[in-house]
Amino acid sequence: MSSADHKMPKSLLKNVHEGLAPPEDTPGESVTVRGDYLYYHYVCDGVDDRGWGCAYRTLQSQCSWVHFKQKQTSTNPRHPPTILDIQRALVEMQDKPASFAGSRDWIGSVEVGLCIDYFYDVPCKIVHINSGRDIPDKIPELTEHFQSIGSPVMMGGDTDNSSKGIFGVCGSGKNSYLLIVDPHYHGAVQDPLALQQNGWVKWQHVEEFKSDSFYNFCLPLYKQ
Amino acid sequence: MRTVSRTRILPVSTQLGIILSVPEATPFTAVLKFAAEEFRVPPDTSAIITNDGIGINPAQTAGNVFLKHGSELRIIPRDRVGC
């Protein structure tokens, strides 16, 4: 079976942010991802990637969004790649050495963007900030992204070395929140409400990000 | 026939950059290494993006990159996340 024939894991939940209440102090209107996606997370397809796979999982969630979009106009849109597919693609692009395929090496926003372009021909914009303190400066751009394109965003840092799926924005300036879909969940399949109640899908205030970490955001620039 | 391309590469947060002149057939992976050395950052933890922030597939020649994306590029630190 080729990688392209790989089917999406059957037990994945869809659109896990739906029904989540806006932030408590509701600083303004919220804008969220537009379209369907599947929630990829640690061990969701049987590969034990705990401790290393979180960026791959956010990438897979982003790919599922593109898959559903392309399904509207194509009869055979590509299924989201497996972790091994992703690694082989980065080797083929000469972004990684051959030894990378089959490893437990971490990736980040740059690799995520290269892969979305590789698998789906969708270019991605990388937005860099020097510190978590600078997130408020990017709220207008992220808001506009969700209003116009609406694709899920991947966020990664250096001292903050956890991948975060950003699936929405609420507020403006320093009183803003990012909607986090966390790929680190593993365990029995829950329903979206349980994921939200247990903090795997949540609004996070911009002040809760690390000021000593730089961050990169990967924004898929999908066009219909 | 032009065989050498000139590109200006800047760090993401400043306007002080470097200008590299490379043969068009130079692998873009080599351009990244040159630029990283000039900025004294590790090439493995750096990436070059366009001025508009688009990531660049490194498996192509410098000439191809400059033709598609222009000659003003940015170098950024890569995030690496896993836990």
Side-chain angles (χ1 to χ4, degrees), chain A residues 42 49-59 89-97 104-118 122-131 134 141 154-164 183-184 213-221, chain B residues 7-17 22-36 39-70 72-83:
Chain A
Y42 275 165
D49 60 313
R50 287 173 292 178
W52 60 274
C54 60
Y56 297 87
R57 298 306 188 183
T58 302
L59 165 56
L90 290 166
V91 172
E92 188 170 314
M93 284 188 264
Q94 298 174 36
D95 190 61
K96 296 284 182 270
R104 297 182 171 194
D105 287 356
W106 295 5
I107 61 172
S109 305
V110 170
E111 291 91 336
V112 166
L114 291 176
C115 286
I116 291 173
D117 193 25
Y118 179 93
V122 172
C124 294
K125 180 173 182 180
I126 305 294
V127 175
H128 173 83
I129 53 175
N130 288 328
S131 161
D134 300 332
E141 181 170 1
M154 183 266 177
M155 178 183 187
D158 58 345
T159 61
D160 185 348
N161 54 15
S162 291
S163 172
K164 300 169 199 2
H184 297 86
S213 181
F214 73 76
Y215 288 98
N216 290 328
F217 297 85
C218 174
L219 284 62
L221 304 180
Chain B
T7 182
R8 188 167 167 235
I9 298 180
L10 302 94
V12 69
S13 52
T14 77
Q15 293 300 317
L16 298 174
V22 298
E24 288 186 342
T26 303
F28 194 69
T29 46
V31 174
L32 170 60
K33 284 197 174 110
F34 294 151
F39 287 111
R40 299 193 181 155
V41 293
D44 290 346
T45 57
S46 304
I48 292 184
I49 60 177
T50 70
N51 215 21
D52 296 330
I54 306 298
I56 297 174
N57 185 329
Q60 50 188 325
T61 63
N64 207 36
V65 170
F66 305 148
L67 197 67
K68 283 200 297 195
H69 301 297
E72 191 156 295
L73 305 173
R74 296 264 174 193
I75 188 165
I76 62 165
R78 292 195 187 218
D79 56 293
R80 195 155 283 173
V81 291
C83 67

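All chains are named by letter (A, B, ...) in the order of the sequence lines, taking the proteins before the strands, and each is independently numbered beginning at 1. No experiment lies behind these values; they were computed from the predicted model shown.
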dist Asp117(A):CG -> Ile54(B):CD1 (nearest 0.5 Å) comes out at 8.5 Å
Under 4.5 Å to a heavy atom of chain B? For Leu219(A) that would be neither
From the list Asp95(A), Leu221(A), Asp160(A), the residue making the most non-hydrogen contacts under 4.5 Å with chain B is Asp95(A)
When rounded to the nearest 0.5 Å, the distance separating CZ of Arg80(B) from CD1 of Ile107(A) is 10.0 Å
So CG of Asp79(B) and CZ of Phe214(A): to nearest 0.5 Å the spacing works out to 6.0 Å
Applying a strict 4.5 Å limit to non-hydrogen atoms, the region of Asp105(A) in contact with chain B is neither
Closest heavy-atom pair, Cys83(B) versus Cys54(A), reported as atoms and distance to 0.1 Å, is N-SG, 3.9 Å
When rounded to the nearest 0.5 Å, the distance separating CG of Asp52(B) from CD1 of Ile126(A) is 13.0 Å
The reported gap from CD1 in Ile49(B) to OG in Ser109(A) (rounded to nearest 0.5 angstrom) is 10.5 Å
Max heavy-atom pairs within cutoff under 4.5 Å with chain B, candidates Ser162(A), Ala55(A), Cys218(A), goes to Ser162(A)
Residue set satisfying side chain to side chain donor-acceptor pair (under 3.5 Å) with Arg50(A), at least two apart, ordered chain then number -> Asp48(A)
If one checks every heavy atom of Ile56(B) against chain A at 4.5 Å, the contacting part turns out to be backbone
Separation between CZ (Arg78(B)) and NE2 (His128(A)), nearest 0.5 Å, reads 14.0 Å
Okay, Val110(A) and chain B: the region with an atom under 4.5 Å from a heavy atom over there is both
Per-residue tally against chain A (heavy atom, under 4.5 Å) across Pro58(B), Gly55(B), Pro27(B) peaks at Pro58(B)
Interface check, chain B: of Tyr215(A), Tyr42(A), Tyr118(A), most non-hydrogen pairs under 4.5 Å belong to Tyr42(A)
Applying a strict 4.5 Å limit to non-hydrogen atoms, the region of Lys96(A) in contact with chain B is side chain
